[in-house]
*Asks:* 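Pasting a structure here, questions to come.
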Amino acid sequence: MFVNVETRRQPRLHWAAALLITLCVFTFVVLALMPAPRRNTFLLEWGTVPANIFDAHQPIWQQLRDPALLRLVTALFIHVAWLHLLSNLLFLMIFGVPAERALGSVRFLVLFLLGGVVANFAGAVSLASEARPIIGCSGAVSAVLGAYVSLFPRARLGLVLPLGFYLEFVRVPAFLLIGIWALLQLLFSYVGPSYGGYAWWTHLAGFLFGVIFALMSRGAIMRRMRR
């Protein structure tokens, strides 16, 4: 899969997407090597457990200073199913690399982390009584997709498809692959592992955050392209 992005900027080192992918893969390998009981404990300690995020009987502003909210971030790098990890990282590479080129590495990293936090928070609110953890970077990747759609609304992606003994290069609208992404998330909701909560509000909140973030970043993008 290829994405061509026209730009007048000089080539620069882009490191954010590569760093995020490395962290996700590293965490996945570490978890795969853990014994099952210890892995489950790790998920509960570092995943976003909606039932443990907020206490309805405590002042909200006091709880916002609780270090436990760090789990909204740490949960982004936790995957326990290889197919879940692969789909997230594949779409992160396809849509994240051109988005990072436009936004810059630091701004793209902020998009991923803040988008993931907003997405996990929305998921925790929508599943307030859920005791299973929300894990994975699907919400953050949704934010990247939202930013991509906002930055490149008419983009078409080149796909190399195997047709018999030949490879055929075709161009399809980016929205088609985003639709495939949505279908994959729906599939995970029904056939995913017994641990890990799946929340559609997580994906929706992440996507909307990405759209708004990209629209607010257009001034910075134009300044980058003039350098």
*Asks:* Shortest non-hydrogen contact from Ile134 to Ala75?
*Replies:*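 Looks like O-CB, 3.4 Å.
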*Asks:* For the residue pair Ala131 and Leu44, what are the closest heavy atoms and their distance?
*Replies:*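 Heavy atoms only, the tightest pair is O-CD2, 4.0 Å.
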*Asks:* Quick one: hydrophobic cluster around Ile212, which other residues, with the 4.5 Å side-chain cut-off, linked directly or via members?
*Replies:*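 Taking Ile, Leu, Val, Met, Phe, Trp and Tyr as members, Ile212 shares its hydrophobic cluster with Met216.
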*Asks:* With side chains defined as the heavy atoms from C-beta onward, is the minimum distance between Phe112 and Leu92 less than 4.5 Å?
*Replies:*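 Side-chain contact under 4.5 Å: yes.
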*Asks:* Partners of Phe77 by ring-ring contact (aromatic ring centres under 6.0 Å, His included), sequence neighbours excluded?
*Replies:*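 For Phe77 there are no ring-ring contact (aromatic ring centres under 6.0 Å, His included) partners, ignoring immediate neighbours.
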*Asks:* Among all residues two or more places apart in sequence or in another chain, which pass the side chain to side chain contact (heavy atoms under 4.5 Å, CB included) test with Leu215?
*Replies:*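 Residues passing side chain to side chain contact (heavy atoms under 4.5 Å, CB included) with Leu215: Ser150, Val211, Arg218.
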*Asks:* Calculate, to the nearest 0.5 Å, the distance between atoms CZ and CG belonging to Phe108 and Leu19 respectively.
*Replies:*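 One finds 10.5 Å between CZ of Phe108 and CG of Leu19.
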*Asks:* A side-chain contact here means heavy atoms from C-beta on lying under 4.5 Å apart; do Thr48 and Pro133 qualify?
*Replies:*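 Side-chain contact under 4.5 Å: no.
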*Asks:* With a 4.5 Å cut-off on side-chain heavy atoms, are Phe42 and Val30 touching?
*Replies:*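 They are not in side-chain contact.
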*Asks:* Give a yes or no on whether the backbone of Glu45 and the side-chain of Arg71 come within a donor-acceptor separation of less than 3.5 Å.
*Replies:*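 Side chain of Arg71 to backbone of Glu45, a donor-acceptor pair under 3.5 Å: yes, one is there.
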*Asks:* Rounded to the nearest 0.5 Å, what separation is found between the CD1 atom of Ile78 and the NE2 atom of His84?
*Replies:*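 Taking CD1 in Ile78 and NE2 in His84, the distance rounds to 11.5 Å.
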*Asks:* Are Leu70 and Thr74 packed together at the side-chain level, in the sense that at least one heavy-atom pair is separated by less than 4.5 angstrom?
*Replies:*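 Leu70 reaches Thr74 side chain to side chain.
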*Asks:* I'd like a table of donor-acceptor pairs (distance under 3.5 Å, sequence neighbours excluded) in which one partner is a side-chain atom from residues 20-29, with atom names and distances.
*Replies:*
| residue | atom | partner | partner atom | Å |
| --- | --- | --- | --- | --- |
| Thr22 | OG1 | Ala18 | O | 2.8 |
| Thr27 | OG1 | Leu23 | O | 2.9 |

*Asks:* Residues two or more places apart in sequence or in another chain: which of them pass side chain to side chain contact (heavy atoms under 4.5 Å, CB included) with Val97?
*Replies:*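 Val97: side chain to side chain contact (heavy atoms under 4.5 Å, CB included) contacts with Arg101.
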*Asks:* Taking only residues two or more places apart in sequence or in another chain, which ones pass side chain to side chain contact (heavy atoms under 4.5 Å, CB included) with Val106?
*Replies:*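 With neighbours one apart ignored, the set is Trp15.
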*Asks:* Can you name the closest pair of heavy atoms from Ala143 and Gly115 and give their distance?
*Replies:*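 Nearest pair, atom of Ala143 first, then Gly115: CB-CA, 3.9 Å.
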*Asks:* Hey, mind stepping through Leu90 and Ile94 against side-chain contact (heavy atoms from CB on, under 4.5 Å) and telling me if it holds?
*Replies:* CA-CA 6 Å; Leu90 177 62; Ile94 294 172; 4.0 Å; yes
*Asks:* What pair of heavy atoms forms the shortest contact from Ala122 to Ala205, and how long is it?
*Replies:*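 Nearest heavy atoms, Ala122 then Ala205: CB-CB, 3.5 Å.
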*Asks:* Can you tell me how far CD of Glu100 sits from OG of Ser105, rounded to the nearest 0.5 angstrom?
*Replies:*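 Going from the OG atom of Ser105 to the CD atom of Glu100 covers 3.5 Å.
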*Asks:* I need the minimum non-hydrogen distance between Pro98 and Tyr148, along with the two atoms involved.
*Replies:*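 Heavy atoms of Pro98 and Tyr148 come nearest at CG-CE1, 3.6 Å.
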*Asks:* From Phe213 CZ over to Leu114 CG, what is the distance, rounded to the nearest 0.5 angstrom?
*Replies:*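 Rounded to the nearest 0.5 Å, the CZ-CG separation comes out at 7.0 Å.
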*Asks:* So Ile135 and His79, do their side chains get closer than 4.5 Å, heavy atoms only?
*Replies:*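 Counting from C-beta outward, His79 and Ile135 never come under 4.5 Å.
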*Asks:* Just verifying a value: how many Å separate Cys137 SG and Leu89 CG, rounded to the nearest 0.5 Å?
*Replies:*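 One finds 6.0 Å between SG of Cys137 and CG of Leu89.
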*Asks:* I want to check something: taking the side chain as every heavy atom from C-beta on, are Leu69 and Phe121 in contact at a cut-off of under 4.5 Å?
*Replies:*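 No, every pair of side-chain atoms sits at 4.5 Å or beyond.
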*Asks:* Students often mix this up, so state it plainly: with edges at 30° and 60°, are the rings of Phe91 and Phe95 parallel, tilted or perpendicular?
*Replies:*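 Ring orientation, 0 to 90° scale: parallel.
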*Asks:* Give a yes or no on whether the backbone of Met34 and the side-chain of Arg39 come within a donor-acceptor separation of less than 3.5 Å.
*Replies:*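 Yes.
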*Asks:* I would like to know whether Val110 and Leu103 meet side-chain contact (heavy atoms from CB on, under 4.5 Å); could you show each step before the answer?
*Replies:* CA-CA 10 Å; Val110 172; Leu103 293 169; over 6 Å; no
*Asks:* Does the side chain of Asn120 pick up a donor-acceptor pair with the side chain of Thr202 at under 3.5 Å?
*Replies:*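 No - no donor-acceptor pair under 3.5 Å links their side chains.
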*Asks:* Are the side chains of Arg132 and Pro50 in contact, using a 4.5 Å heavy-atom criterion?
*Replies:*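 No; the side chains remain at least 4.5 Å from each other.
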